[in-house]
Number of protein chains: 2
Amino acid sequence: MTSFEPKDISTGKLHGYLLSAVAPRPIAFASTLDADGNPNLSPFSFFNVFSANPPIMIFSPARRVRDNTTKHTLQNAEAIKEVVINVVNFDMVHQMSLSSTEYADGVNEFEKAGLTMLKSDIVKPFRVAESPVQFECKVNEIVKLGTEGGAGNLIICEVVKLHIDDDVLNEEGVINQQKLDLVARAGGSYYTRAKKGFFEIPKPLSTLGIGVDNFPDFVKNSMVLTGNDLGMLANIERLPTEDSVKAFVKDLGARYPNIKTATHRQKHKLARNYLSFGDVESAWKILLS
Amino acid sequence: MTSFEPKDISTGKLHGYLLSAVAPRPIAFASTLDADGNPNLSPFSFFNVFSANPPIMIFSPARRVRDNTTKHTLQNAEAIKEVVINVVNFDMVHQMSLSSTEYADGVNEFEKAGLTMLKSDIVKPFRVAESPVQFECKVNEIVKLGTEGGAGNLIICEVVKLHIDDDVLNEEGVINQQKLDLVARAGGSYYTRAKKGFFEIPKPLSTLGIGVDNFPDFVKNSMVLTGNDLGMLANIERLPTEDSVKAFVKDLGARYPNIKTATHRQKHKLARNYLSFGDVESAWKILLS
């Protein structure tokens, strides 16, 4: 382990660690207007949703580490108290990246990036027509976290209207996340395309899994089973009964006579095999046989 | 477009939209202690970093949409004002999921999930030994965003010590994000494994890209080039000179005589080919030839 306190390293170095370790981060493609009505568009990955009722999102245009200046988006949010947060999908990722260029005050990043301004229904800033989900927001509060370079500025937004592209909704009106095809930010120059890494984990049992603390020692201390295997095995309401284990092994033995002479190690590997298909019950029966 | 105001749909439905559309979300695996010193461990994806100086992270244990109850983590953070935020990698994702089970007050999720408690240096809550990056934090403030089911509670944390597994650091002391292998949360039962979707985009030019607004019309309105292509083409300081275009085409013509009779469409496709290798300069030369 390499350990240190933030005060003992430079802000730049700390910033790098935070960006790599807290990732992937969703991207707020924030559209604002300055006091004269000039549009601004810029991406922020210090961003997330924090509440559904009221629907609150927060993003943070931080003071620049390099020269302690602030971003136009912050000045605009202070002046106009409205913002449209647009999500970023794979089809627009290069245009989004370009719009993070530090163009001069008053330059319209919609035009620079070749994106389309779409009038909002409730707030004054424009939506990004190409974005598959757009949130019109009122700015409830802006919280300054510091005054030095690297200090964040929390722009606390309340969603007042949502717009969802019908192409990403299924027949039940639910968002199809494969079609949504979001990208997110990681450290350095890395982005990640969410759907390339999708996997599903069923919600934990509301009836409460038995937990690893209730495992027999030979399972808890297995040299074959991984942490992920233990986590899956723990999410079962009760261990299978002795009778059900006997019935399972008898049935299996009829098909695979070798099972009767299997070693512990072989059984644990077979259990892993069942787990890879999500069959926790059978994995336990093999382990307990 | 399907459009609506939050007040016109149920909190549950709105919650579902927010979770699918603001994604992938990084995961705070939050370790706390109750007033009696009992450990608690639970994952939260309403989470991000918001500032490097001071180093501020926020996560939100929201009031449950179902029954408007609050989570042990919130009560513990209010009582003890300290938390350890552990990042979640692929190797521990099933154990993390299990620990989100709503076990009774006082149940130790470290034991349930088979994870190892590691003493912290500065704060009282334990670190998760299996996590590759652990942040010891003081709780600066807790902001309640509402009183109904679905209301968030911002736990505003300041990092007082970082611990990074040496296995994920390269020789320069920088985090190798492939090795870190983080997972993040999306909507429904979806997670994403960040490194499966990694791609890189070089930072926009500090010398300012010309922008799509300065493109010749036949490029801006191309039927072949995508938004991503336009974004890449816009990130160039100036268009290549007429002379450099001629030299490029002459050189290319020597190798590929067909280029002299290529249609606009064929040239735009060839430009896309150069862009796919990040060669913006050559893409422009083909387009302008």
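Note that the structure is predicted; figures quoted are calculated from it, not measured. Note on naming: letters A, B, ... go to the chains in the order of the sequence lines (proteins, then strands), and numbering restarts at 1 for each one.
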Top contributor to chain B contacts, counting heavy-atom pairs under 4.5 Å, from [options]:
{"options": "A:I201, A:V22, A:T11", "answer": "A:I201"}
{"options": "A:E130, A:R193, A:K13", "answer": "A:R193"}
{"options": "A:V159, A:N235, A:V160", "answer": "A:V160"}
{"options": "A:K195, A:K7, A:R25", "answer": "A:R25"}
{"options": "A:P55, A:G187, A:G146", "answer": "A:G187"}
{"options": "A:V133, A:T101, A:V107", "answer": "A:T101"}

[X] and [Y]: which non-hydrogen atoms are nearest, and at how many Å?
{"X": "A:G188", "Y": "B:K203", "result": "O-NZ, 3.5 Å"}
{"X": "B:E200", "Y": "A:S189", "result": "OE1-OG, 2.6 Å"}
{"X": "A:S3", "Y": "B:H163", "result": "OG-ND1, 2.7 Å"}
{"X": "B:G211", "Y": "A:L98", "result": "CA-CD2, 4.4 Å"}

Donor-acceptor under 3.5 Å ([X] side chain, [Y] main chain):
{"X": "A:Q177", "Y": "B:A186", "value": "no"}
{"X": "B:Y103", "Y": "A:G209", "value": "yes"}
{"X": "B:N53", "Y": "A:G149", "value": "yes"}
{"X": "A:N228", "Y": "B:V93", "value": "yes"}
{"X": "B:K112", "Y": "A:I210", "value": "yes"}

Checking [X] against chain B: side chain, backbone, both or neither under 4.5 Å from a heavy atom?
{"X": "A:L14", "value": "side chain"}
{"X": "A:L180", "value": "side chain"}
{"X": "A:N214", "value": "side chain"}
{"X": "A:I164", "value": "both"}
{"X": "A:M57", "value": "side chain"}
{"X": "A:A113", "value": "backbone"}
{"X": "A:T2", "value": "both"}
{"X": "A:S99", "value": "neither"}

Point-to-point distance, once rounded to the nearest 0.5 Å, from [atom1] of [X] to [atom2] of [Y]:
{"X": "B:S51", "Y": "A:K144", "atom1": "OG", "atom2": "NZ", "answer": "12.5 Å"}
{"X": "B:H94", "Y": "A:L230", "atom1": "NE2", "atom2": "CG", "answer": "11.5 Å"}
{"X": "B:L162", "Y": "A:L18", "atom1": "CG", "atom2": "CG", "answer": "6.5 Å"}
{"X": "B:L182", "Y": "A:T192", "atom1": "CG", "atom2": "OG1", "answer": "10.0 Å"}
{"X": "B:D167", "Y": "A:M1", "atom1": "CG", "atom2": "CE", "answer": "9.0 Å"}
{"X": "A:F50", "Y": "B:N153", "atom1": "CZ", "atom2": "CG", "answer": "12.0 Å"}

Side chain / backbone / both / neither for [X] at chain A, heavy atoms under 4.5 Å:
{"X": "B:L169", "answer": "side chain"}
{"X": "B:V87", "answer": "side chain"}
{"X": "B:S20", "answer": "both"}
{"X": "B:K220", "answer": "neither"}
{"X": "B:F47", "answer": "both"}
{"X": "B:T116", "answer": "neither"}
{"X": "B:V49", "answer": "both"}
{"X": "B:I56", "answer": "side chain"}
{"X": "B:L154", "answer": "side chain"}
{"X": "B:E141", "answer": "neither"}
{"X": "B:L208", "answer": "both"}
{"X": "B:D165", "answer": "both"}
{"X": "B:T147", "answer": "neither"}
{"X": "B:M92", "answer": "backbone"}

(message) Applying side chain to side chain donor-acceptor pair (under 3.5 Å), can you list everything that pairs with A:N140, at least two apart in sequence or on another chain?
(response)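 By the side chain to side chain donor-acceptor pair (under 3.5 Å) rule, A:N140 matches A:E158.
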
(message) For B:Y17, give me all partners under ring-ring contact (aromatic ring centres under 6.0 Å, His included), at least two apart in sequence or on another chain.
(response)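 ring-ring contact (aromatic ring centres under 6.0 Å, His included) check on B:Y17 returns B:F4.
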
So which residue, [options], ends up with the most heavy-atom pairs under 4.5 Å with chain A?
{"options": "B:F90, B:F59, B:F198", "result": "B:F198"}
{"options": "B:G12, B:P202, B:A194", "result": "B:A194"}
{"options": "B:G152, B:G150, B:S97", "result": "B:G150"}
{"options": "B:G231, B:P132, B:P61", "result": "B:G231"}
{"options": "B:A28, B:A104, B:A234", "result": "B:A234"}
{"options": "B:G16, B:A184, B:A21", "result": "B:A21"}

